[in-house]
Number of protein chains: 4
Amino acid sequence: MSPNVPSSVKNPEKVRTRRAQIIDAAVALFSQKGFHKTTTREIARASGLSNGAVYEYVQSKEDILYLVCKRIHKSVEEQLRLSLSEHALGAVRLRHAIKSFLHVMDAMKDDILLIYQESKSLPSAFLKEVLHDEENITRVFEQLLMDGIEDGSLRTAREGIPLLAHNIVVCGQMWAFRRWALHDVTFEQFSEMQIRMLMQACGADPQVIHGE
Amino acid sequence: MSPNVPSSVKNPEKVRTRRAQIIDAAVALFSQKGFHKTTTREIARASGLSNGAVYEYVQSKEDILYLVCKRIHKSVEEQLRLSLSEHALGAVRLRHAIKSFLHVMDAMKDDILLIYQESKSLPSAFLKEVLHDEENITRVFEQLLMDGIEDGSLRTAREGIPLLAHNIVVCGQMWAFRRWALHDVTFEQFSEMQIRMLMQACGADPQVIHGE
Amino acid sequence: MSPNVPSSVKNPEKVRTRRAQIIDAAVALFSQKGFHKTTTREIARASGLSNGAVYEYVQSKEDILYLVCKRIHKSVEEQLRLSLSEHALGAVRLRHAIKSFLHVMDAMKDDILLIYQESKSLPSAFLKEVLHDEENITRVFEQLLMDGIEDGSLRTAREGIPLLAHNIVVCGQMWAFRRWALHDVTFEQFSEMQIRMLMQACGADPQVIHGE
Amino acid sequence: MSPNVPSSVKNPEKVRTRRAQIIDAAVALFSQKGFHKTTTREIARASGLSNGAVYEYVQSKEDILYLVCKRIHKSVEEQLRLSLSEHALGAVRLRHAIKSFLHVMDAMKDDILLIYQESKSLPSAFLKEVLHDEENITRVFEQLLMDGIEDGSLRTAREGIPLLAHNIVVCGQMWAFRRWALHDVTFEQFSEMQIRMLMQACGADPQVIHGE
DNA sequence: TATGAATGAGGATTCATTCAT
DNA sequence: AATGAATGAATCCTCATTCAT
């Protein structure tokens with residue numbers, strides 16, 4: 001399904017730890033200097049491996065970018081799913097999820113920006129997979145919207161769901177990739193206002209919009 | 001103020017036409033293959049100039065990227081300003097402006113995506129200027145918001161203006177950079193729904209929200 | 001027909017002289033150290049060009065090997081054709097040609113050995129062409145054999161012509177690639193004995209076999 | 001005398017079997033892709049050993065090439081010696097030997113070609129030894145020529161013996177390394193014609209030349 | 001102004017060999 | 001005796017930029 005990154009090293013435990021080193025180093029370097037301006041030598045040095053060793057765990061520089069993107073998305077999704085609440089009302093659960101998502105986006109600003117700026121350098125099979133990961137995140141919100149519509153806590157048309165979900169996701173990412181333009185706004189302000197706008201767009205009740 | 005791109009050619013008319021050739025070629029190539037994978041030779045060939053001639057009108061590859069970004073923003077801003085209406089109500093003028101803006105974004109999808117993906121490769125002085133250009137676009141909407149609040153056609157807090165303006169701009173750009181995810185939504189649907197959400201967030205009257 | 005080696009330099013005169021430099025350097029280096037152990041840097045340095053300049057005239061290291069093989073074969077064929085005599089009898093003309101050919105092989109020992117040892121490193125399209133060049137040399141002898149049979153000065157079956165021609169060619173090349181084993185034999189001895197054997201195999205008259 | 005290939009493994013039986021595995025794998029790979037394009041990893045995998053294990057039985061990649069050449073020559077020589085006849089006349093024994101030799105060359109085409117193309121990559125001490133092995137094969141024919149001269153069944157000068165023997169050997173190898181050029185000739189034709197030419201050159205009686 | 005040949009630093013990747021386990 | 005992970009030097013090729021003409 002999702003394209004594999006082959007490693008010539010067989011021991012899976014080793015592969016896991018070494019790749020973690022590589023990814024850690026690469027995330028930092030790609031964030032700082034961009035994918036193209038980062039050399040594989042720098043990645044090797046920064047990850048504590050030799051030039052050659054890197055290529056035991058990865059087949060190309062692009063593989064590294066892919067692993068980096070994968071890990072970032074995995075982390076986002078995990079954090080998001082972990083934070084989902086159990087409240088009875090869909091609208092409340094949605095509000096909660098948006099809030100959590102914005103926090104995750106804030107915590108992972110640099111990583112999100114990295115994906116925005118560098119994923120276009122991925123070979124198309126990899127790119128497809130990365131976009132697919134993103135869709136999975138969107139789908140979390142689509143589900144919550146559905147729930148809210150079903151239980152009556154959200155009053156909006158079903159057809160609008162995909163776009164609403166997208167708006168939520170982009171809204172979160174925007175905190176990362178528009179940082180330069182939002183420097184006067186604190187995260188608290190941003191979070192509060194955006195939640196209000198989004199919940200209103202979703203047709204939530206005023207009490208829910210304003211957080212009870 | 002805005003950093004100059006020096007040219008060793010003196011005749012300003014020549015500089016203008018030659019740079020136009022270079023920019024035309026570069027826009028197409030950067031859109032297609034990205035900044036890093038496009039070579040200056042390719043730009044030279046595609047623009048009908050010799051390798052050396054390009055460097056008579058530009059000092060580096062990054063200069064070209066800068067000129068490209070500049071031209072795109074100039075075009076966006078021009079089209080946007082040309083389309084501003086004269087209606088008495090600020091809210092109506094805003095609605096109109098958003099609609100026009102979305103059309104411009106649709107027409108310039110590729111160019112907007114280009115700026116999103118490649119502007120990080122600009123030297124910081126250039127990047128600053130490009131971001132500044134973007135702010136100018138945002139400012140158009142800030143002014144309209146202000147007008148609407150002043151004339152009472154928009155009921156929202158003054159402090160929210162910058163973020164609302166940003167939301168409008170990002171909303172338009174999103175049509176370009178999230179194309180892959182929005183393939184099921186037609187531009188008409190997108191435009192209508194987003195305008196509604198944004199106008200609602202701005203505190204417009206229902207009639208205005210729905211276009212009279 | 002014969003595969004081209006593209007050059008990014010347009011001026012054909014320049015291409016000719018620069019490639020000559022490259023080929024000269026490469027022949028010497030390939031002969032000395034072999035194709036694989038010769039680096040492109042060495043070729044560049046030895047030919048008086050910069051690393052990059054070499055790649056203006058050639059697209060890969062294998063292109064260089066191809067040009068080298070081409071030039072060697074061209075030289076062999078030219079020398080061979082120049083030396084063809086006008087004697088009335090085909091057998092005499094053949095004898096003369098073999099003798100000349102052996103002299104050429106002696107003069108070009110190193111080059112012939114080079115082709116023998118390195119041509120397998122050519123991409124197949126190139127290899128085919130190089131083998132084709134060799135066939136052209138063989139064909140010279142096939143024609144002479146034919147002539148001799150026709151005018152009655154050679155008494156042998158037509159069907160044997162291809163193999164006889166091959167024997168002649170291999171016989172000459174052998175002087176190059178079996179040098180190590182023939183060190184006790186002078187070129188004069190070699191030449192005389194081989195000519196005798198070959199002419200006898202072709203069914204020449206004793207006088208012709210022994211050179212009148 | 002003949003240079004040793006040291007092994008860090010002591011058990012000679014083990015060394016023999018493991019090296020056999022290595023050589024088998026290497027012969028196939030070298031024939032297919034050439035010495036330089038074959039990696040030691042490939043040899044390890046194909047021989048069922050680990051990367052490291054190969055180096056317990058061999059000290060370098062070139063050692064492997066040497067062992068490969070050795071084994072090929074050993075096989076050629078064995079087959080040749082086994083086929084030597086007991087006929088009273090030297091000329092007949094020679095004819096028989098040539099015929100057998102050609103058959104061996106036909107059976108071992110690929111291996112012979114391998115030696116021709118790759119032996120130049122041997123370190124000089126190894127190369128010398130490989131050439132020496134070849135001389136031993138030549139010497140078989142020298143002896144037969146001597147015998148024939150002595151018993152009067154061959155009428156040729158003693159001084160010509162070395163070159164005649166070489167001609168015989170090259171003639172056989174030619175069937176391997178000129179395959180591409182001889183594709184129209186069947187082995188039977190080739191064999192018959194070459195034997196005739198060679199026996200004639202050796203001064204055999206017509207009956208012997210034509211096989212009684 | 002324009003040309004296009006020349007430069008040369010730089011970078012991804014490979015692979016024979018070693019060595020800790 | 002065997003494994004397979006690690007090493008790091010070595011190599012081909014690219015390409016932004018310069019400069020003689």
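If you're wondering where the values come from, they're calculated on a predicted model, not measured in any experiment. By convention in this document, chain letters (A, B, ...) are assigned in the order of the sequence lines, proteins followed by strands, and residues within each chain are numbered from 1.
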Quiz item: Among the nucleotides F:dA5, F:dG8, E:dA5, which one has an atom lying closest to any side-chain atom of C:K10?
Solution: E:dA5

Practice problem: Return the orientation label for the D:F30 and D:F35 ring planes: parallel under 30°, perpendicular over 60°, tilted otherwise. | Solution: perpendicular

Rounded to whole Å, please give me the gap between [atom1] in [X] and [atom2] in [N].
X     : N      : atom1 : atom2 : answer
A:R45 : E:dA12 : CZ    : P     : 12 Å
D:I43 : E:dC15 : CD1   : P     : 12 Å
D:L29 : E:dA16 : CG    : P     : 12 Å
A:I64 : E:dT13 : CD1   : C1'   : 11 Å

Self-check item: Note: B:R71-B:D24 ion pair, threshold 4.0 Å (strictly below)
Solution: yes

Quiz item: Would you call D:E42-D:R45 a salt bridge at under 4.0 Å N-O?
Solution: no

Quiz item: How many angstroms lie between CG in B:L127 and NE2 in B:H132, if you round to the nearest 0.5 Å?
Solution: 13.0 Å

Quiz prompt | Rounded distance (nearest 0.5 Å) linking atom CD1 of C:I22 with atom CG of C:L67 | solution = 8.0 Å

Exercise. Using side-chain contact (heavy atoms from CB on, under 4.5 Å) as the criterion, list what pairs up with C:Q21, not counting sequence neighbours.
Key: C:R18, C:S47, C:L49

Quiz prompt | Set of side-chain contact (heavy atoms from CB on, under 4.5 Å) partners for D:Y55, sequence neighbours left out | solution = D:T40

Quiz prompt | C:E56: side chain to side chain donor-acceptor pair (under 3.5 Å) partners, not counting sequence neighbours | solution = B:R41, C:S8

Quiz item: Which comes earlier along DNA chain F counting from the 5' end, the contact point of D:L49 or that of A:G48, where each point is its nearest nucleotide?
Solution: D:L49

Quiz item: Within the distance-only criterion (no hydrogens, no angle test), does the side chain of D:S31 pair as donor or acceptor with the backbone N or O of D:A28 below 3.5 angstrom?
Solution: no

Quiz item: Are the side chains of A:I23 and A:V27 in touch, meaning some heavy atoms are under 4.5 Å apart?
Solution: yes

Quiz item: Is there a side-chain contact between A:E129 and A:Y66 (heavy atoms, below 4.5 Å)?
Solution: yes

Quiz prompt | Under 4.0 Å protein heavy-atom contact, by nucleotide of nucleotides 10-17 of chain F - B base, S sugar-phosphate only | solution = BSBBBBBB

Quiz prompt | Bracket notation of DNA chain E in which parentheses pair within the strand, [ ] cross earlier pairs, and | pairs with another strand (Watson-Crick or G-U, under 3.5 Å) | solution = .||||||||||||||||||||

Quiz item: Which residues, if any, of residues 14-22 of chain C bring a heavy atom under 4.0 Å of DNA chain E?
Solution: C:K14, C:R18

